[in-house]
Amino acid sequence: MFCDTHCHLYDEYYDDINLVINNALENQVNRFIVDGCDKKSNMEVLKKVNEIPSMYGCLGIHPESVLEYSEDDLNFIEKHIFDDKIIGIGEIGLDYHYSKENKKAQIKLLRKQLDLARKYHKPVVIHSREATLDTLNILKEYPEVKGVIHSFSLPVEVAKEYIKLGYKLGINGVVTFKNSHLKEILKEILPYIILETDSPYLTPHPYRGTKNEPKYVETIAQFIAKEVNISLEDLSKITNDNIKEVFKI
Ligand code: NI
């Protein structure tokens, strides 16, 4: 069985989350880690993990929320950090694709959340887009903090840097895209990967154009297993061991 280690199963995206969970169960996906991005979604994560036994949650302020968040939203995360089934801080990070002009504010927000992770010994889920150098330099300031690089892409040299810092690499539907070269480095990074969908985004091939769901972790797993020539059982063991190491679940 597999775990979708990064998804956004919020009511605004899905009419029937129980159906989404059942679809996943029918496709060998039996655990889900839902990531918050702002106050509203963090509150929803808390509610969902209480309602759904197979669901775990991370709380965080996404870099795209950098202009809207308040100190109160960070206090909310701190207050709930030891709640039942809250297993990490995420998704947090740097995104220079849409908002380069907020670099300083994004870095400040990321540092505040890494401070929380260090203080409470919690893993982090890192979003880094067009911001590799700053992300690496900041993570190096927090050698005690470990976690996951969500939606990892190339190059392999960067993968090695993250691995050296103790991070696992979240691989999603992007690996199946025809124009992606990520598959070429799978053999090298295989011992350090975990699987995710980032639902409702990044639907894998051949389902692109439809809404993503955690059930497609199986599609991603089948693709990877074929590329590196291992069994689905072995891939399940590698990824579940990594999940246990990072999130203790
Ligand atoms: Ni995400």
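Remember, it's 1-based here, ligands and their atoms both numbered in the order they're listed. Bear in mind the structure is a predicted one, so any value in this text is a computation, not a measurement.
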K.L.:
Protein N/O/S atoms under 2.8 Å of the Ni ion (ligand 1)?
P.N.:
His6 NE2, His8 NE2, Glu91 OE1, Asp198 OD1

K.L.:
For residues Leu190 and Leu186, determine if any side-chain heavy atom of one lies less than 4.5 Å from a side-chain heavy atom of the other.
P.N.:
no

K.L.:
Can a salt bridge be assigned to the pair Glu51 and Lys47 using a cut-off of 4.0 Å between side-chain N and carboxylate O?
P.N.:
yes

K.L.:
Just say parallel, tilted or perpendicular for the rings of Tyr13 and Tyr10, cut-offs at 30° and 60°.
P.N.:
parallel

K.L.:
Cation over ring, Lys103 on Tyr96, under 6.0 Å and within 45°?
P.N.:
yes

K.L.:
Taking NZ, NE, NH1 and NH2 as the nitrogens, is one of them in Glu68 or Lys39 under 4.0 Å from a carboxylate oxygen of the other?
P.N.:
no

K.L.:
Among Arg118, Arg111, Lys119, which residue meets the salt bridge (charged side-chain N to carboxylate O under 4.0 Å, His left out) test with Asp115?
P.N.:
Arg118

